[in-house]
There are 2 protein chains.
Amino acid sequence: MATPPHPRERILDAAEALFFQRGIAVTGVDQVAASAGVAIVTLYKHFGGKDNLLREVLARRLDEWTRHWDAAVAAADSPVRRLLAVFDAVETFRAEAGPTQWCCFLATASERPAPPDGRADPVLDLVEQDTRLVTGRLAGLAREAGCADPDAVAAMLLLLYNGVLSSLLRGVPADPVASARAAARLVVDSAVGTRPQR
Amino acid sequence: MATPPHPRERILDAAEALFFQRGIAVTGVDQVAASAGVAIVTLYKHFGGKDNLLREVLARRLDEWTRHWDAAVAAADSPVRRLLAVFDAVETFRAEAGPTQWCCFLATASERPAPPDGRADPVLDLVEQDTRLVTGRLAGLAREAGCADPDAVAAMLLLLYNGVLSSLLRGVPADPVASARAAARLVVDSAVGTRPQR
DNA sequence: GTTACGCCATAACGATCGTTATACCGAATG
DNA sequence: CATTCGGTATAACGATCGTTATGGCGTAAC
């Protein structure tokens, strides 16, 4: 159970670990296959190529992240706590997903240039899908929490959210989630207009 | 004056633009030379290679950023405004530096894996130098502003700072600096314990 | 037993990329 | 005029990488 028997899962795990710990472009397909204990041919049998592999890794990640966030929101027992549940989800997700260095989607957006013509890139589409998910949910939860200006609150929380993910690259602050929670509480308390309901 | 006559500056400008708009690994040396209107040999005459070119781009950028931040701090007329001057500096720096997509240092840290052995990487050293600069200054300014817990405030502001830089990748929020300023004001006001001195 | 299937190992291909060598040109300097 | 210097153009090298082809090995199904 430590290593899933199916080679497909092992490839996805290895790709996720290598892509977002060391970088997507610098990680060769052979390294992914070797890390998964799988032949290169098997990788190409399951996924069509590197781009498709990256696409499936991102899709799986987006799915797991959505589930984590859903669970964290469901576990919260007040509208304000539901709004702040993003950071709980980040913490539990990172604890379970392992030592992935930083955000898959930001890493992909960073390394992958937009195609010159107006054509769409299926990989970058997943990044934008994640962006829409985060922004939309934050705005909705802010509205339900009774914030005076939900969009402004969502923008500030999104800033803290992106800050957490990118702070993993700098290594500082040491506990980005804790700092983000503290800052988010100040933002939300100010917007709701009530004192914190510890 | 639009295009500096010295090819060295043109190469640095072109490399900065391409590296951090499209990605470092995916940008070839030939593209940099072509964009600078310079032969590849000239690029290798001035800089020893791609790594050294990247190093000089980062060094120049760190220098300019330090100057901008210094100026913004000097222009502020209260300790709290000096603490918040980071975001003024980000705005003026981005307005002057041109359409660079996002933070050079985070992009470099994202694409460049740490060397496996304990050896030091001169490029990643510059990234860490930038990290130390930002964290150290924020903590010092927070202390001078009379914050109750300067390190905690610095951590939250660093989070917002990283959030601004990485939000440029997502494209949202539309005006990250404005949102960061609003959130930072809430954080600092709460830490100083006084009402905002508009 | 034979067939089919999933996987592995090896090798090779085309392409890109970082880097260097060679030869040429023009202007400034003596 | 000769020389030197900074720049250009072209070509080539080695290396890496994404991708594919070939052939062989085990296991489960019929």
Side-chain angles (χ1 to χ4, degrees), chain A residues 3-58 107-108 110-117 121-124, chain B residues 3-58 107-108 110-117 121-124:
Chain A
T3 50
H6 305 308
R8 192 170 207 279
E9 307 295 324
R10 291 213 311 270
I11 296 173
L12 283 176
D13 291 342
E16 184 176 316
L18 288 178
F19 281 168
F20 306 117
Q21 276 177 25
R22 305 182 49 81
I24 303 170
V26 298
T27 301
V29 183
D30 51 347
Q31 301 177 38
V32 174
S35 171
V38 151
I40 309 184
V41 190
T42 307
L43 190 150
Y44 274 89
K45 279 289 179 190
H46 280 287
F47 314 89
K50 192 181 186 181
D51 272 25
N52 223 287
L53 172 61
L54 174 61
R55 214 177 52 79
E56 294 218 27
V57 169
L58 290 179
T108 305
S110 169
E111 294 198 28
R112 202 177 186 84
D117 39 6
D121 182 354
V123 173
L124 288 180
Chain B
T3 50
H6 305 309
R8 193 169 207 280
E9 307 295 325
R10 292 212 312 271
I11 296 174
L12 284 175
D13 291 342
E16 184 175 316
L18 290 178
F19 282 168
F20 305 117
Q21 275 177 24
R22 306 183 48 82
I24 303 171
V26 298
T27 302
V29 182
D30 51 347
Q31 301 178 38
V32 174
S35 171
V38 152
I40 309 183
V41 190
T42 307
L43 191 150
Y44 276 88
K45 279 288 179 188
H46 280 287
F47 314 90
K50 192 181 186 181
D51 273 25
N52 223 288
L53 172 61
L54 174 60
R55 213 177 53 78
E56 294 217 26
V57 169
L58 290 178
T108 304
S110 168
E111 295 198 28
R112 200 177 186 87
D117 41 5
D121 182 353
V123 172
L124 288 180

### Task
Could you check B:Val26, B:Leu54, B:Leu58 and say which one makes a side-chain contact (heavy atoms from CB on, under 4.5 Å) with B:Phe19?
B:Leu54

### Message
What is the separation between atom CG on A:Leu54 and atom P on D:dT19, rounded to the nearest whole Å?
### Response
12 Å

### Task
Check the distance between C:dG18's C1' and B:Arg55's CZ and give it to me in whole angstrom.
18 Å

#### Entry: side chain to side chain contact (heavy atoms under 4.5 Å, CB included) between B:Val29 and B:Tyr44, intermediate numbers included
CA-CA 9 Å; B:Val29 182; B:Tyr44 276 88; 3.8 Å; yes

### Task
Over all heavy atoms of both residues, which pair between B:Asp51 and B:Arg112 is shortest? Give the atoms and the distance, please.
OD2-NH2, 2.6 Å

### Query
Which listed nucleotide (C:dC8, C:dT19, C:dC17) is nearest to the side chain of B:Asp30?
C:dC17

#### Entry: Short side-chain N/O contact from A:Thr42 to OP1 or OP2 of C:dC7, under 4.0 Å
no

### Query
Nearest to the side chain of B:Tyr44, which nucleotide is it out of C:dC8, C:dT19, D:dG18?
C:dT19

### Query
Counting side-chain heavy atoms from C-beta on, which of C:dT19, D:dT19, D:dT8 comes nearest to B:Lys50?
C:dT19

### Query
When the distance from CG of B:Leu43 to P of D:dT10 is rounded to whole Å, what number comes out?
18 Å

## Note on the structure
Closest to the 5' end of DNA chain C, once A:Ile40 and B:Gly49 are matched to their nearest nucleotides, is A:Ile40

### Query
CZ of B:Arg10 versus C1' of D:dT8: gap in Å, rounded?
12 Å

### Query
Any idea which of C:dC7, C:dC17, C:dT19 is nearest the A:Pro7 side chain?
C:dC7

### Query
5'-most contact on DNA chain D: A:Val41 or A:Val29, nearest heavy atom basis?
A:Val29

### Query
Within this structure, what is the CD1-to-C1' distance between A:Ile24 and D:dG18, rounded to whole angstrom?
16 Å

### Summary
Against the side chain of B:Gln31, the closest entry in D:dC17, D:dT20, C:dC17 is C:dC17

### Query
Minimum heavy-atom separation for A:Ala114 to A:Leu124, with atom names?
CA-CD1, 3.9 Å

### CG-CD distance between A:Leu12 and A:Glu9, expressed to the nearest 0.5 angstrom
6.0 Å

### Message
I want to check one thing: is the phosphate of D:dG6, taken as OP1 and OP2, less than 4.0 Å away from some side-chain N or O of B:His46?
### Response
no

#### Entry: Spacing between B:Asp51 atom CG and C:dC17 atom P, to the nearest angstrom
16 Å

### Message
Rounded to whole Å, please give me the gap between NZ in A:Lys45 and C1' in D:dA21.
### Response
11 Å

### Task
Check the distance between C:dC17's C1' and B:Leu53's CG and give it to me in whole angstrom.
15 Å

